[in-house]
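See below for the structure under consideration.
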Amino acid sequence: MGKIVELKNVSAGYTGEVILRDVNLVVNDHDFIGIIGPNGGGKTTLLRVVLGLIRPYKGSVTFFNGQESSHGNIIGYLPQINRIDTRFPISVTDVVLSGLMSKEGILGRYSGKQKKLALEMLEKMGVHNLRDKTVGKLSGGQLQRVYLCRAIISSPRLLMLDEPSTFVDTKFETDFYEILKELNDDMAIIVVSHDVGTITWYVKTIACVNRDLHYHPHSTITQEQLAAYNCPIQIITHGDVPHTVLKTHNH
Ligand SMILES: Nc1ncnc2c1ncn2[C@@H]1O[C@H](COP(=O)(O)OP(=O)(O)OP(=O)(O)O)[C@@H](O)[C@H]1O
Ligand SMILES: [Mg+2]
């Protein structure tokens with residue numbers, strides 16, 4: 001087990017505006033981090049910083065694989081769905097295969113073995129019947145499953161998911177988190193979600209992002225910790241497991 005990526009004192013944003021302030025975060029193998037926070041708090045921006053799509057104004061992002069960036073197959077990424085342009089006339093299978101692009105180079109030249117793998121992924125997500133459709137014709141939830149296949153097909157060391165369950169139905173949401181739990185044996189996972197109740201059931205640790213990042217090294221937060229972290233209150237109960245108390249931050 002080792003460090004995958006470390007953010008040190010990172011400040012980042014757009015066109016000079018600071019969105020993330022002095023963020024510190026280490027992601028280790030087998031981590032399962034839930035990221036929560038209000039709309040516009042900077043969660044997607046944080047993922048973009050890790051992906052290298054945004055260069056921080058200050059601070060550093062270091063990968064511990066002998067490389068200086070996230071290139072290669074270190075990271076699998078499921079973008080927030082409303083940011084994907086679905087007008088692109090590409091089939092479901094090709095979208096999944098495009099997750100192998102950085103490994104294999106040219107789109108379209110995939111081996112039979114890779115195509116079989118793509119179909120296996122689609123089957124696992126229950127959408128293999130859609131394999132020849134163009135992505136523009138899919139529903140939001142179907143699209144999310146297809147993009148999840150793309151994010152994991154290269155067996156990344158770190159899987160980052162930006163609100164993966166926005167469009168999926170309750171039945172698949174449970175299956176989906178069970179799939180993530182299984183994947184977590186092989187890869188670290190960062191998942192952004194507004195569904196705090198569901199993610200705290202599965203994640204190992206929590207980061208609250210609202211310009212600052214507050215890292216909670218457990219999935220259960222006590223009243224005492226809340227006071228120490230200065231979080232406002234939201235109480236989540238999980239039936240017969242100990243309940244989790246979380247808040248958004250106070251600024
Ligand atoms: N490409 C961009 N150019 C300029 N400002 C941006 C850009 N993307 C996001 N922002 C701004 O940065 C802030 C943080 O946005 P971000 O998308 O990181 O929030 P978020 O926490 O992911 O929110 P949500 O929960 O709504 O997804 C917002 O104020 C947003 O307007
Ligand atoms: Mg976002």
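On a predicted model such as this, the values are computed, not experimentally measured, just so you know. Every number for a ligand or one of its atoms is a count from 1 in the order of the listing. Numbering starts at 1 and runs along the sequence shown.
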Open item on the list: Below the 3.5 angstrom mark, is there an N/O of Gly41, backbone or side chain, next to an N/O of ligand 1?
Closed with: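 Yes, since at least one N or O of Gly41 sits under 3.5 Å from an N or O of ligand 1.
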Open item on the list: Looking at Asp22 and Lys58, is there a salt bridge between them, counting it only when a charged N and a carboxylate O are closer than 4.0 Å?
Closed with: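 Looking at Asp22 together with Lys58, the answer is yes, because their closest N to O distance falls below 4.0 Å.
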Task: Salt-bridge present (Asp31, Lys204; N to O < 4.0 Å) - done: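 Here Asp31 does not pair with Lys204 in a salt bridge, since their nearest N and O are not under 4.0 Å apart.
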Open item on the list: Under 6.0 Å from the ring centre and within 45 degrees of the ring axis: does the NZ or CZ of Arg145 meet both conditions for the six-membered ring of Phe172?
Closed with: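 Relative to the ring axis of Phe172, which defines the angle, Arg145 lies inside both limits.
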Open item on the list: Using 0.5 Å steps for rounding, measure from the CG atom of Leu159 to the CD1 atom of Ile74.
Closed with: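 Answer rounded to 0.5 Å: 14.0 Å.
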Task: Pairwise distance CD(Glu163) to CG(Leu47) - rounded to 0.5 angstrom - done: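 One finds 10.0 Å between CD of Glu163 and CG of Leu47.
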Give the table of side-chain donor-acceptor pairs shorter than 3.5 Å for residues 124-133, with sequence neighbours excluded, one pair per line with atom names and distance.
unit_1, atom_1, unit_2, atom_2, d
Lys124, NZ, Glu182, OE2, 3.3
Arg131, NH1, His128, O, 2.8

TODO: State if Glu163 counts as touching ligand 1 under the rule of any non-hydrogen atom under 4.0 Å.
DONE: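 The answer is yes, since Glu163 has a heavy atom less than 4.0 Å from ligand 1.
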Open item on the list: Using heavy atoms and a 4.0 Å limit, tell me yes or no: is Gly37 in contact with ligand 1?
Closed with: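 Not so, Gly37 does not reach ligand 1.
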For ligand 1, which atoms, with element, lie under 4.0 Å from some heavy atom of [X]?
X: Gly42; answer: 14 (C), 18 (O), 19 (O), 20 (P), 21 (O)
X: Arg48; answer: 8 (N)
X: His194; answer: 25 (O)
X: Gln80; answer: 27 (O)
X: Thr45; answer: 14 (C), 15 (O), 16 (P), 18 (O)
X: Pro38; answer: 21 (O)

TODO: May I ask whether Leu158 and Leu53 are part of the same hydrophobic cluster, defined by side-chain heavy atoms of I, L, V, M, F, W, Y residues being less than 4.5 angstrom apart, directly or through others?
DONE: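 Yes, one cluster joins them.
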TODO: Under 4.0 Å, heavy atoms only, figure out whether ligand 1 is touched by the backbone of Ile19, its side chain, both or neither.
DONE: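 Ile19 to ligand 1: side-chain contact only, backbone stays beyond 4.0 Å.
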- [ ] Examine all N, O or S atoms of Asn39, backbone included, and report whether one is under 2.8 Å from the Mg ion (ligand 2).
- [x]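 Looking at Asn39, which is the residue asked about, there is no N, O or S atom under 2.8 Å from the Mg ion (ligand 2).
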Task: Gln80 near the Mg ion (ligand 2) via N/O/S, less than 2.8 Å - done: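 A backbone or side-chain N, O or S atom of Gln80 is under 2.8 Å from the Mg ion (ligand 2).
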TODO: Could you tell me whether a side-chain N or O of Gln144 sits under 3.5 Å from a main-chain N or O of Pro164, the two making a donor and an acceptor?
DONE: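 Yes; at least one donor-acceptor contact below 3.5 Å.
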